[in-house]
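Each chain gets a letter, A, B and so on, in the order the sequences are listed, and its residues count up from 1.
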Amino acid sequence: MTITVSSAVASVTLTGIDSDDVYMLAVSNCIPVTNGQNGELRVTKSGTAQSDANYDFAFKGLRTDTTFSNLASVGSSKWTYPIGWSTSNTSAEAGVSGNAIIYLYNFNSSSEYSFITVETATKYSGGTLAPTGGALHKVASASDGVHFQWSSGNIDVGAVFTLYRVV
Amino acid sequence: MSEYGYIPEAPEQSFGNNKGIFTPKDIYDLTRADKYTNYGQLELIETQTVSNVATVDFTTLGTYNVHFMTFNDIHSATNNVLTNVRFYENEVLETGAVYQYAYQYGNVAGSFGESRSTSNTRIYTLMNLGNATNETANGYTYFYNLTDSSKYSFLTFHSMTINATPNGNMNFGSAVLPQASTVTGIQVLMQSGNITSGTISLYGIKEYS
C-alpha cells in the first residue's frame with residue numbers, strides 16, 4: 001500500500017502484513033513541519049501502534065560533518081531515528097527530506113519478535129545524516145504494520161510511504 | 001479478428017513499447033516473451049525452508065547481474081555464531097582463504113565496532129545469534145556479477161539478530177571473492193553447527209536492454 005501525505009498530519013500508519021514473507025517499507029520526501037525532529041517508528045498490532053517499553057535499536061549514525069555516532073537503546077517506547085534524525089524543515093532548508101528503506105522480518109509470527117533493518121538518508125543544518133542498522137520489538141506476537149510520527153509536530157505535505165511484500 | 005484491439009493486425013509489441021488493449025492472456029503471453037513492460041521486477045528463483053542442516057545450497061542462479069537474498073527467522077543449533085556465505089565456482093566449492101569482507105556492527109547495549117578480513121575461508125554476513133528461543137537472525141544480501149566470468153563477485157549485506165547475551169545486534173557491510181570466475185552456486189552455513197530452521201529466498205533482479 002502507498003500513503004501520500006496531501007495535508008500535514010500527525011502520523012502515518014501502514015498495515016496489512018498478513019504473511020510470513022519479508023516486507024519492505026520505502027519512504028521518501030518525509031519532512032517535519034517543526035524543525036530538527038527525529039523519526040519515531042512503532043509496530044502496530046491489530047492496527048494499533050504499540051507504545052510499550054520493548055523497543056531496542058542499534059544504529060550507526062553515519063554523518064558528513066563529524067565522527068560517526070552510536071545510536072542505541074534498550075527498552076524504549078519506540079524506535080528512534082528511522083527516516084529522520086534532527087531533520088530540518090523546509091523553512092530551515094529548502095529541498096531537505098527524510099528517506100529510508102526498511103525491511104521488516106517476522107512481523108506476522110505469533111511466536112517471534114518483530115525485527116527491522118534500516119537505511120536512512122536525511123539532513124540537518126550541519127550536514128547529511130544516515131542512521132543505518134537494525135531494531136527489534138521484543139514482544140513475541142504478530143505485528144501487522146508500522147506507525148510513523150516525528151518526535152514533535154506534524155509530517156509535512158509530500159511524504160510518500162509504500163509498504164511492499166517481498167515475494 | 002482483432003489483435004490487441006487492432007484490426008487486422010496490431011503493431012509489434014516490445015518491452016517499453018506496448019500499444020493496444022490487452023487481455024490477461026495477452027499480458028501473460030507477452031510477459032513470458034519478455035515483450036510486456038514491467039519495470040523493476042524481482043524474480044523469485046528459489047525459496048528454501050531449512051530444517052536442521054549444516055549447509056543450504058542455491059545452485060540455480062540464472063543469468064542475472066544482480067541477485068537478492070533474504071534471510072528470515074534463522075535459528076542456530078550452536079550458540080553465538082555468525083551466518084556465513086561462500087561460493088561455488090564452476091560447481092566447485094571455494095573453501096580457500098580468499099574471501100574479503102568488511103562490516104560495521106553494533107548492539108542495542110551500545111557496543112559498536114568494525115570487522116574485516118582480507119583472507120577468510122568464508123564471508124561473515126548475518127551477525128551472531130544465540131541458540132535460545134527467540135534468538136534469530138534476519139537480513140538481506142545483494143550479490144553482484146556472480147555469473148560474469150570476467151568479474152569478481154561482490155556482495156553487500158545488512159542484518160539484525162539477537163545474540164547469546166541476549167542483545168539485539170546489527171551489522172552492514174560488503175564483501176568480495178576477488179577471483180574472476182563464474183559463480184554457479186551460493187552456499188549458506190553457520191560459523192559452526194547446523195542451521196536449525198529458517199527461510200532463505202533467492203531472487204534475480206531482472207534488467208532490460
**Asked** So what's closer than 4.5 Å to chain B heavy atoms on Ser111(A): side chain, backbone, both or neither?
**Response** backbone
**Phe57(A) portion near chain B, given a 4.5 angstrom heavy-atom threshold** =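 Just its backbone gets close to chain B.
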**Message:** Tyr140(B) and side-chain contact (heavy atoms from CB on, under 4.5 Å): which single residue from Val166(A), Val22(A), Thr117(A) fits?
**Reply:**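 Among Val166(A), Val22(A), Thr117(A), the one that satisfies the side-chain contact (heavy atoms from CB on, under 4.5 Å) with Tyr140(B) is Thr117(A).
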So which heavy atom on [X] is nearest to which on [Y], and how close?
{"X": "His158(B)", "Y": "Thr132(A)", "value": "CE1-CG2, 3.9 Å"}
{"X": "Gly168(B)", "Y": "Leu136(A)", "value": "CA-CD2, 3.7 Å"}
{"X": "Gly106(B)", "Y": "Ala58(A)", "value": "O-CB, 3.8 Å"}
{"X": "Tyr203(B)", "Y": "Val167(A)", "value": "CE2-O, 3.1 Å"}
{"X": "Val108(B)", "Y": "Val74(A)", "value": "O-CG2, 3.4 Å"}

Starting at [atom1] of [X], measure out to [atom2] of [Y] and round the result to the nearest 0.5 Å.
{"X": "Tyr105(A)", "Y": "Thr199(B)", "atom1": "OH", "atom2": "OG1", "value": "13.0 Å"}
{"X": "Ile116(A)", "Y": "Met170(B)", "atom1": "CD1", "atom2": "CE", "value": "12.0 Å"}
{"X": "Lys138(A)", "Y": "Ile162(B)", "atom1": "NZ", "atom2": "CD1", "value": "7.5 Å"}
{"X": "Thr47(B)", "Y": "Asp21(A)", "atom1": "OG1", "atom2": "CG", "value": "8.0 Å"}
{"X": "Tyr105(B)", "Y": "Lys60(A)", "atom1": "OH", "atom2": "NZ", "value": "10.0 Å"}

Would you mind checking which part of [X] comes under 4.5 Å of any heavy atom in chain A, side chain (CB onward), backbone (N, CA, C, O), both or neither?
{"X": "Asn138(B)", "value": "both"}
{"X": "Ser159(B)", "value": "backbone"}
{"X": "Thr70(B)", "value": "side chain"}
{"X": "Thr161(B)", "value": "backbone"}

**Request:** Take atom OH of Tyr152(B) as the centre, draw a 6.0 Å sphere, and report whether it contains more than 12 heavy atoms from other residues, nucleotides or ligands.
**Result:** no
**Request:** Look only at the side chain of Asn106(A) and the backbone of Asn72(B), and say whether a donor-acceptor pair between them is shorter than 3.5 Å.
**Result:**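 Flag not set: sc Asn106(A) to bb Asn72(B) has no pair under 3.5 Å.
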For the residue pair [X] and [Y], establish whether any side-chain heavy-atom pair is separated by less than 4.5 Å.
{"X": "Glu112(A)", "Y": "His75(B)", "value": "yes"}
{"X": "Phe112(B)", "Y": "Phe59(A)", "value": "no"}
{"X": "Tyr113(A)", "Y": "Thr136(B)", "value": "no"}
{"X": "Leu62(A)", "Y": "Gln104(B)", "value": "no"}

